[in-house]
Number of protein chains: 2
Amino acid sequence: MMENDIFKALADPTRRMIFEKLASGSMNASSLRDGVEISQPAMSQHLAILCNAKLVRQERSGRFVNYEVDPDGLAMIANWLAKYRAYWPARIDALKDLLKDMDQ
Amino acid sequence: MMENDIFKALADPTRRMIFEKLASGSMNASSLRDGVEISQPAMSQHLAILCNAKLVRQERSGRFVNYEVDPDGLAMIANWLAKYRAYWPARIDALKDLLKDMDQ
DNA sequence: CCAATACATAAGCATACACTTATGTGATTC
DNA sequence: GAATCACATAAGTGTATGCTTATGTATTGG
């Protein structure tokens, strides 16, 4: 199932870090390793899992592979979260900011 | 870390099912087992993990323990998701519904 | 071509995780 | 107050997961 892939993908802190890095701009696998203590195969495996979860997508560019955030995965999480909107505390500031940003 | 606890808690399909069940109304541990093929210790362990992640909270009531959705955990996910709002596709219907519901 | 680069895949290993059975703990009921 | 009920905890076990080293596969540059 897709939902399961997403949550399993995000359950690993290294993958969330990779995802966060990609959110600041698309990058190839080597650039993602810069400043991070992680082996090349480990990075490759994490990226495969993120891609499979539709959180990240890839695009080949010569011998490089460019990775970027895939909105599909985020939309799935938003959908999941929406099911429980009745429980969201209305006063959460971050949430208000989110609304302001999106309601344009 | 709290964020890690939440995503790890949600990575298990059984726990997401338990959470979904609780979202439809607070329940004690025995009621949560109704119609679900899960042992009593397994349920207890899952609930402990969900509580630790602030996704669920408990309240003792005699010899029963009542479990309910904890908004704190959901707010944390909303916060996490908000960091990537730039990537949310604006046209997702569920998202629009969500916005409409919340912008009141 | 052939060496080097960028990345993927395979296989093995240590740890984490979700389950099991067994037992403990606190509250209720007879 | 002894038995029972609702739940928690302990200990053990099989499997999943994330890493490692080694090798494979495109692509590019000299």
Enquirer: Which is more 5' along DNA chain C, the nucleotide nearest A:N66 or the one nearest B:A11? Just name the residue.
Expert: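 Nearest-nucleotide comparison on DNA chain C picks A:N66.
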Enquirer: Any side-chain heavy atom of A:N52 sitting closer than 4.5 Å to one from A:D5?
Expert: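 Yes, side chains in contact.
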Enquirer: Would you confirm whether B:S39, through its side chain, and B:A42, through its main-chain N or O, come within 3.5 Å as a donor-acceptor pair?
Expert: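 Here the side-chain-to-backbone pair exists.
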Enquirer: Any side-chain donor-acceptor pair under 3.5 Å between B:R60 and B:N66?
Expert: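 There is no such pair (donor and acceptor under 3.5 Å, judged by atom type) between the side chains of B:R60 and B:N66.
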Enquirer: Taking CZ from B:F7 and C1' from D:dT17, how many angstroms apart are they, rounded to a whole number?
Expert: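 In whole Å, D:dT17 C1' and B:F7 CZ are 18 Å from each other.
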Enquirer: So, does A:T14 get its side chain near the phosphate of D:dC19, meaning an N or O under 4.0 Å from OP1 or OP2?
Expert: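 Answer yes for this pair, as a side-chain N or O of A:T14 is under 4.0 Å from OP1 or OP2.
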Enquirer: Within this structure, what is the NE2-to-C1' distance between A:H46 and D:dG18, rounded to whole angstrom?
Expert: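 In whole Å, D:dG18 C1' lies 6 Å from A:H46 NE2.
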Enquirer: Measure the acute angle between the ring planes of A:W80 and B:F19, then classify it against the limits of 30° and 60° as parallel, tilted or perpendicular.
Expert: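 Plane angle under 30°, so parallel.
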Enquirer: Counting heavy atoms not belonging to B:K21, are there more than 12 under 6.0 Å from its NZ?
Expert: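 More than 12 heavy atoms, drawn from other residues, nucleotides or ligands, come within 6.0 Å of this atom.
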Enquirer: Compare every heavy atom of B:I6 with every heavy atom of B:A53, then report the nearest pair and how far apart it is.
Expert: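 Taking every non-hydrogen atom into account, O-CG1, 3.3 Å.
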Enquirer: Could you list by number each residue of residues 49-62 of chain B showing a heavy-atom separation from DNA chain C of less than 4.0 Å, or answer none if no residue does?
Expert: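 Hits under 4.0 Å, by residue number: B:G62.
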Enquirer: Name every residue in residues 22-40 of chain A that has at least one heavy atom under 4.0 Å from any atom of DNA chain D, in order of residue number, or write none if there are no such residues.
Expert: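 A:S39 - these, ordered by number, are the residues of the stretch whose heavy atoms sit under 4.0 Å from the strand.
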Enquirer: Of the non-hydrogen atoms in B:I38 and B:R33, which two are nearest, and what is the gap between them?
Expert: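 Smallest heavy-atom distance, with atoms named: O-NE, 3.0 Å.
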Enquirer: Could you tell me which non-hydrogen atom of A:M17 sits nearest to which non-hydrogen atom of A:V36, and how far apart they are?
Expert: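 The answer is CE-CG1, 3.5 Å.
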Enquirer: Taking all non-hydrogen atoms of both residues, which atom of B:Y67 and which atom of B:L47 are closest, and how far apart?
Expert: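 Nearest pair, atom of B:Y67 first, then B:L47: CE1-CD1, 3.5 Å.
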Enquirer: Measure CG/A:L47 against P/D:dG18 and give the value in whole Å, please.
Expert: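 Whole-Å distance recorded here is 13 Å.
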Enquirer: Could you check how far CZ of A:F64 sits from P of D:dT28, rounded to whole Å?
Expert: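 That distance rounds to 10 Å.
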Enquirer: Looking at side-chain heavy atoms only, is the closest gap between B:Q45 and B:P41 below 4.5 Å?
Expert: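 Yes; the side chains approach each other to less than 4.5 Å.
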Enquirer: To check you understand the geometry: which heavy-atom pair defines the closest contact between A:V69 and A:R57, and what is its length?
Expert: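 Closest approach of A:V69 to A:R57: O-NE, 4.1 Å.
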Enquirer: Mapping B:A42 and A:R63 to their closest nucleotides on DNA chain D, which lands nearer the 5' end?
Expert: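 Per heavy-atom nearest nucleotide, the more 5' residue is B:A42.
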Enquirer: Name the first nucleotide and the last nucleotide along DNA chain C (5' to 3') that come under 4.0 Å of a heavy atom in chain B.
Expert: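 Extent of the interface on DNA chain C: C:dC17 to C:dT29.
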